[in-house]
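See structure below.
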Amino acid sequence: MRMYNEINIEKIDIDAGPPSKEPDRQYYFMAKCREWVKDFEQRYGRRPTACVTTFGCQMNARDSEKLRGILKDIGYIEEQEERADFVIYNTCTVRENANTRVYGRLGQLKPRKKKYPHMMIGLCGCMMQEPEVVEKLKKSYSFIDLIFGTHNIYKFAELLAARFEAGRMVIDIWKSTDKIVENLPNERKYPFKSGINIMFGCNNFCSYCIVPYVRGRERSREPKAIIREIERLSEDGVTEVMLLGQNVNSYGKTLEQPVSFAQLLTEIEKIDGIRRIRFMTSHPKDLSDELIEVMGKSKKICRHLHLPVQSGSTRILEKMNRRYTKEQYLALTEKLKRAVPGISLTTDIIVGFPGETEEDFQETLDIVRRVRYDSAFTFIYSKRTGTPAAVMEEQVPDEIIKDRFERLLKEVQIIAGEMCAVHEGTIQEVLVESVSEQDHSMVTGRLSNNLLVHFPGREELIGEYVDVLLRECKGFYYIGEVPK
Ligand code: SAH
Ligand code: SF4
Ligand code: F3S
C-alpha cells in the first residue's frame, strides 16, 4: 500500500540537473535511479529486487517503509532477503546484541556478494550514527555499497544515485539535523493501519540510553502536516493510526507555536474514517492530566498505554535520570486506571542497571505486582559506550543479573496471564490483521487494549472490525468466535 504523492516522476527532466528544494530533489534522483533500473532490466531480462530488513523499534520500522516506498518508485521489486539483489539493513544500537546480530548477518552476506558481484548491500539506521561502527565497517566489511545514518534517510535516492555513479562504497553520515523533509513516498505493510512520525529524536538523556546520541535532539512535526498525512491515509483506507515518537508526551513543546500532545490527539480524533488511535512511547514524567482527561473522553484512543517504568527503585530511577519516583509512577497509573476504566498498561523494565542491589530489585518486583501490567518487555542492562551509565561503578555481575531477570520474567508472566483472563467471556471489537499463521482457517486480530485474538474466519475479514466473543484466554492471547 502506498501514499500518493504529488510529484510525477515520469515527467522529471533528468538532464536539467538536480533541484535544490526538497523533496523535489529526491524525486529527481529517483528518476535518475530509474535509468539504472532500465539498464539492469536490459542486461538481466528482469527488474532488480530489494529487501529492507528492520532491526529495532517502530520508528525504524516506519523508516523502512519510507525506504521501500522509494525503492518501489525507482522500479525495484520486493523480494525475500535470501534472493534480493539489494539488501538493506536498517539497524538498531539500543543494546549490544542488536549490533552483534547485524555483524553476524553481514558475515553471512559476504560469500553471497562474492558469488554475485552485482548484488548490493546498504546499511542505515541508528548503529551508523556511531563513528566506531562506521570505522569497523570500512575496515572489515569493505564489500558494503552504501552507508547512511538516521538524519539523512530522506536522501536515500540521492545516495543510491551516487553509489551507481561512483561504482564503489558511498558513506554519508550527518552528526545532527534540524530538518524534517515531508512528502516522500512510502510503502505501508498493512493497508488498514499505519505508523506516523509525530516527532523525531529525544532530549531526555536517560543515563543508560544511546538513542539521544544517535537520533539527535527532539523535533516535532507541525500539527498541520500530521493531520494532512492522516487525512490522506484515511482516504487511502487506513482506520488505525499509531503516532510515533521517543517521548510523545512532550510533543509540540519545541514548535514555534507550541501545541500539546493532548491537543494534537483531539484534532486527530476529528478525522473521519479513523477509528483507532494509538501512540508510542510515553514518558511518565511528561504524562499530563490534560492527556489523561482526553484519553478518558475519547472514543477513538485505544485503551492501552505503554508506560516504561525501567525500575521500581527510586534510587535507581534517579541514577537513570528518569526524573520520577516510584510513588509518582504508581500515582500516575492509579489516575489512569480511574480515568480510563479497563485500560491495559504495558511497560519496559531494565534489570541490572549499575549499582542495582537485591533491595532495588525487590522494589521493581513490587511495582510490577502493584501496577499489574498486561505485559512487560524486560531487558538486561547493556552498557552503551558514551552514555553516563557506562562509566558508573558497581556494574552488576552477569550471574546476578540473569537470576534477577528470570525471577522478574516469571512474575511478569503470571500477572499478564491473570490480566488476560479478566476479559475471558466478554465480546469485544477486533480489528482483523491477517490469516492466522498456525491455522489457515483462523484469522488474527487485535483488541483495543492491544491483545491478540485468533478466531475462525477468512481472508476477506482482513481490515474489518468484528465483534468477537473471547472464548478462551491462552496467557497472552485469546481464542475467540463470532457469536451467533
Ligand atoms: N523512548 C522510549 C524507549 C526507547 S528504547 C522510552 O523512553 O520509553 C526501548 C527500551 O529499551 C527502553 O524503554 C529501555 O527499557 C530499553 N533500553 C534502552 N537502553 C537500554 C540499555 N542500555 N540496556 C538495556 N535496555 C535498554
Ligand atoms: Fe532513551 Fe530515555 Fe529518550 Fe527513551 S526517553 S529514548 S529511554 S533517553
Ligand atoms: Fe534502536 Fe534506534 Fe529505535 S537505537 S530502539 S532503532 S531509535
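Residues: numbered from 1 along the sequence shown. Just so you know, ligand 1 is whichever comes first in the structure, and atom 1 is the first atom listed for that ligand.
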Just to confirm my output: which protein heavy-atom neighbour is closest to atom 10 (C) of ligand 1, and how far is it? D348 OD2, 3.4 Å

Could you tell me if any non-hydrogen atom of R215 lies under 4.0 Å from any atom of ligand 3? yes

Considering the heavy atoms of V94, write down every atom of ligand 1 situated less than 4.0 Å from one of them. 5 (S), 18 (C), 19 (N), 20 (C), 21 (C), 22 (N)

With the threshold set at under 4.0 angstrom, would you say Q246 reaches ligand 3 through any of its heavy atoms? yes

Do we see a donor-acceptor contact under 3.5 Å between the side chains of K253 and N247? no

Just distances here: any N/O of Y381 and N/O of ligand 1 closer than 3.5 Å? no

List the closest protein heavy-atom neighbour of atom 25 (N) of ligand 1: residue, atom name, distance to the nearest 0.1 Å. R95 NH1, 3.4 Å

Step-by-step side chain to side chain contact (heavy atoms under 4.5 Å, CB included) determination, E433 to T444: CA-CA 6 Å; E433 294 193 344; T444 303; 5.6 Å; no

Counting heavy atoms only, which of T93, V211, T281, I210 comes nearest to atom 6 (C) of ligand 1? T281

Can you tell me which residue and heavy atom of the protein come closest to atom 2 (Fe) of ligand 3, and the distance to 0.1 Å? C126 SG, 2.2 Å

Any idea which atoms of ligand 1 are less than 4.0 Å away from a heavy-atom of Q246? 1 (N), 2 (C), 3 (C), 4 (C)

Please determine, by modelled atom types, if E356 and S311 share a side-chain donor-acceptor pair under 3.5 angstrom. no

Are T346 and H304 close enough that a side-chain donor and a side-chain acceptor fall under 3.5 Å? yes

At a non-hydrogen distance cut-off of under 4.0 Å, which region of I380 contacts ligand 1 (side chain, backbone, both, or neither)? backbone

So is R215 touching ligand 1 or not, going by heavy atoms under 4.0 Å? no

Going by distance alone, is a donor N or O of one side chain under 3.5 Å from an acceptor N or O of the other, for E81 and Y89? yes

N321-S207 side chain donor-acceptor pair, cut-off 3.5 Å: no

Examine the side chains of N97 and T100 and answer whether a donor and an acceptor come within less than 3.5 Å of each other. no

A side-chain contact here means heavy atoms from C-beta on lying under 4.5 Å apart; do S344 and N450 qualify? no

Quick one, S250 with E218, criterion side-chain hydrogen bond (donor to acceptor under 3.5 Å, both in side chains). Give me CA distance, side-chain angles, the key distance, then yes/no. CA-CA 9 Å; S250 74; E218 199 175 290; 2.9 Å; yes

For a 4.5 angstrom cut-off between non-hydrogen side-chain atoms, does P223 reach E267? no

Test item: N99 and F55 side chains (from C-beta on) under 4.5 Å apart, heavy atoms: no

Considering only protein heavy atoms, which is closest to atom 23 (N) of ligand 1, and at what distance to one decimal place? S382 N, 2.9 Å

In order of chain and number, which residues sit within 4.0 Å of ligand 2 by heavy atom? C202, N204, F205, C206, Y208, C209, V211, P212, Q246, H283, R322

Contact atoms of ligand 3, heavy-atom distance to C57 under 4.0 Å: 3 (Fe), 5 (S), 6 (S), 7 (S)

Considering only heavy atoms, which of T281, T93, N99 lies nearest to atom 4 (S) of ligand 3? T93

Looking only at distance, does H283 have an N or O less than 3.5 Å from an N or O of ligand 1? no

Which ligand 1 atoms are under 4.0 Å away from a heavy-atom of R384? 22 (N)

Any idea which atoms of ligand 1 are less than 4.0 Å away from a heavy-atom of R322? 7 (O)

Between CG on residue N249 and OG on residue S260, distance to nearest 0.5 Å: 10.5 Å

Would you check whether Y208 has a nitrogen or oxygen atom less than 3.5 angstrom from a nitrogen or oxygen atom of ligand 1? yes

Please list the nearest protein heavy atom to atom 1 (Fe) of ligand 3 with its residue and the distance rounded to 0.1 Å. C92 SG, 2.4 Å

Please confirm whether N247 comes under 4.0 Å of ligand 1, counting heavy atoms of the residue only. no

Quick one: nearest non-hydrogen protein atom to atom 8 (O) of ligand 1, plus distance? P308 CG, 3.0 Å

Taking the six-membered ring of F379 as reference, does the cationic atom of R95 (NZ for Lys, CZ for Arg) lie under 6.0 Å from its centre and within 45° of its axis? yes

Could you tell me whether the side chains of N449 and D374 share a donor-acceptor contact shorter than 3.5 Å? no

Under the side-chain hydrogen bond (donor to acceptor under 3.5 Å, both in side chains) criterion, do R384 and T93 qualify, and how do the steps go? CA-CA 9 Å; R384 306 316 286 135; T93 185; 2.9 Å; yes

closest protein heavy atom to atom 14 (C) of ligand 1 is Q310 OE1, 3.4 Å

Have N152 and D172 got a donor and an acceptor in their side chains that come within less than 3.5 Å? yes

For a quick check under 3.5 Å, do S298 and E269 share a side-chain donor-acceptor pair by atom type? yes

